[in-house]
Participant: 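Structure in structure tokens, see below.
It should be emphasised that the depicted structure is a prediction, and the values quoted were computed from it without experimental measurement.
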Amino acid sequence: MIILTKVDSRLQTPMYFFLTHLAFTDLGYSTAVGPKMLVSLVVDQHTISYNWCATQLSFFSMFITSEIFLLSAMAFDRYVAICNPLLYTVIMSQRLCQLLVTISYLYSVFLSLVITIKIFVLSFCGYNVIRHFYCDSLPLISLLCSDTHEIKLIILIFAAFTLMSSLLIVLGSYMLILLAILKMHSAKGRHKAFSTCGSHLMVVVLYFGTLLFMYVQPKSKNSSDTDKMASLFYTLVIPMLNPMIYSLRNKVVKNALTRTWNMCANILLKIHCKIW
């Protein structure tokens, strides 16, 4: 997806600009977790160094937070495209798109550094077994000997702000989109509007639904295992589903993939002919 949006001029629009960064964040947080987890399964060595644990937590937190805000920026983009199509290119200018992405990354880096530093400056107890398949903030906090009230409060405030602000943007955008669609008299226009935001809505439901399931469900003795399954879903399964959802449901992306594949095949054919 990242390569396609760079080499095909027809995909160089605000929608695919955000989609490129969404693919980058998917790649980022799945790479922060996946390789180490696979190595642990293959060699049966379930250990991680102190420094790598801190690094994994910082990168995972950064990419997972930036994805949340990128999804809300994409919801706003879909709102402008459907509700203000004549002003779309004016409102969603290149400068605004870059600003939204920059704010998303800066905030996620700041949040990631705050949480990681706050956790790792505190002292850990002798018991060093993390009840998780990667270094996440809450399993690490349970290993601390120091007072954890401050770090728990920081995580709660930032998590609530991040999820609520992005959810409000997404819900507000789609409520306005739904009202605009209901006012359309043409069935063809309604179908086109639904297809424009269908892929993004599917990704939003999968992603936010998993996060809300993790944090809203009542805690029980089996909640730890349930959290692990939910974490596995949104750290590895969703990043694999996102490119498929946006490519298989999108004729523009499929056509771009066909053109890029034909271009690469022609280049390889010319090189082969020159060698012979």
Side-chain angles (χ1 to χ4, degrees), residues 1 5 10-26 64-108 111 157-216 234 238 241-253:
M1 290 300 298
T5 52
R10 300 184 189 182
L11 299 184
Q12 293 174 2
T13 62
M15 175 184 172
Y16 296 103
F17 173 78
F18 290 124
L19 187 56
T20 302
H21 288 277
L22 181 70
F24 174 69
T25 55
D26 281 338
I64 208 80
T65 305
S66 59
E67 173 140 341
I68 293 173
F69 281 104
L70 281 173
L71 288 173
S72 59
M74 292 174 73
F76 175 72
D77 172 72
R78 294 300 82 205
Y79 154 72
V80 177
I82 293 173
C83 298
N84 295 284
L86 298 178
L87 297 174
Y88 178 71
T89 54
V90 178
I91 297 173
M92 299 304 298
S93 62
Q94 186 179 8
R95 184 177 180 181
L96 178 61
C97 294
Q98 290 174 347
L99 179 63
L100 291 174
V101 170
T102 302
I103 292 173
S104 171
Y105 285 136
L106 288 177
Y107 174 79
S108 61
L111 177 58
I157 292 172
F158 276 115
F161 171 76
T162 302
L163 282 174
M164 293 306 298
S165 59
S166 55
L167 266 177
L168 285 173
I169 295 172
V170 170
L171 292 175
S173 298
Y174 275 104
M175 284 182 63
L176 294 172
I177 287 171
L178 182 61
L179 290 174
I181 291 174
L182 292 176
K183 291 178 181 178
M184 294 179 181
H185 301 290
S186 169
K188 185 178 179 180
R190 290 182 180 180
H191 176 74
K192 185 178 180 181
F194 274 119
S195 63
T196 300
C197 57
S199 298
H200 177 259
L201 185 59
M202 187 182 300
V203 171
V204 166
V205 170
L206 283 173
Y207 193 78
F208 282 98
T210 307
L211 289 178
L212 290 174
F213 171 77
M214 282 186 62
Y215 293 106
V216 175
Y234 80 78
I238 289 180
L241 290 176
N242 282 354
M244 295 171 62
I245 292 171
Y246 279 108
S247 59
L248 297 179
R249 290 175 54 85
N250 194 315
K251 291 182 180 180
V252 179
V253 174

Participant: Would you compute the distance between atom CG of L176 and atom CD1 of I82 and round it to the nearest 0.5 angstrom?
Facilitator: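 So the CG of L176 and the CD1 of I82 are separated by 11.0 Å.
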Participant: Where does the angle between the aromatic ring planes of H21 and F17 fall among parallel (under 30°), tilted (30 to 60°) and perpendicular (over 60°)?
Facilitator: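 H21 and F17: perpendicular rings.
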Participant: Which heavy atom of V170 sits nearest a heavy atom of S72, and at what distance?
Facilitator: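 Heavy-atom minimum between the residues: CG2-CA, 3.8 Å.
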Participant: Can you tell me how far the OG1 atom of T65 sits from the CZ atom of F158, to the nearest 0.5 Å?
Facilitator: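 Atom-to-atom, T65:OG1 and F158:CZ are 10.0 Å apart.
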Participant: Is F24 atom CZ crowded by more than 12 heavy atoms from other residues, nucleotides or ligands, each under 6.0 Å away?
Facilitator: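 Incorrect, the count does not exceed 12.
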Participant: Output the distance between atom CG (D77) and atom CG (L96), rounded to the nearest 0.5 Å.
Facilitator: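 Interatomic distance, D77 CG to L96 CG, rounded to 0.5 Å: 9.5 Å.
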Participant: Identify the heavy atoms of I68 and Y207 that sit nearest to each other, and give their distance.
Facilitator: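 Between these two residues, the closest heavy atoms are CG1-CE2, 3.6 Å.
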Participant: Report the relative orientation of the aromatic rings in F161 and F69; use parallel for angles under 30°, tilted for 30 to 60°, perpendicular for over 60°.
Facilitator: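 Because their plane-to-plane angle lies in the 30° to 60° range, the rings of F161 and F69 count as tilted.
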Participant: Is the closest side-chain heavy-atom distance between F18 and H200 below 4.5 Å?
Facilitator: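 With C-beta onward as the side chain, the pair stays apart.
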Participant: Give a yes or no on whether the backbone of S66 and the side-chain of S104 come within a donor-acceptor separation of less than 3.5 Å.
Facilitator: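 Between the backbone of S66 and the side chain of S104 there is a qualifying donor-acceptor contact (under 3.5 Å).
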Participant: Nearest heavy-atom pair of L201 and Y174: which atoms, and what distance?
Facilitator: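 For L201 versus Y174, the nearest heavy atoms are N-OH, 3.5 Å.
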Participant: Drop me the distance from M202's CE to N242's CG, to the nearest 0.5 angstrom.
Facilitator: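 Here the rounded value is 10.5 Å.
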Participant: Closest heavy-atom contact between A73 and L100?
Facilitator: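 That would be CB-CD1, 4.4 Å.
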Participant: Hey, could you give me the CG/OG1 distance between L167 and T162, rounded to the nearest 0.5 Å?
Facilitator: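 So the CG of L167 and the OG1 of T162 are separated by 11.0 Å.
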Participant: T25 side chain to L22 main-chain N or O, any donor-acceptor pair under 3.5 Å?
Facilitator: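 Side chain of T25 to backbone of L22: a pair is present.
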Participant: Rounded to the nearest 0.5 Å, how far does CG of L168 lie from OG of S173?
Facilitator: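 So the OG of S173 and the CG of L168 are separated by 10.5 Å.
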Participant: Determine whether more than 12 heavy atoms belonging to other residues, nucleotides or ligands lie under 6.0 Å from atom CD of Q98.
Facilitator: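 Result for CD/Q98: enclosed.
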Participant: Which atom pair, heavy atoms only, marks the closest approach of L19 to M1?
Facilitator: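 Taking L19 first and M1 second, the nearest heavy atoms are CD2-CE, 3.2 Å.
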Participant: Do you know the tightest heavy-atom contact between Y88 and M15?
Facilitator: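 Y88 and M15 have their closest heavy atoms at OH-N, 3.7 Å.
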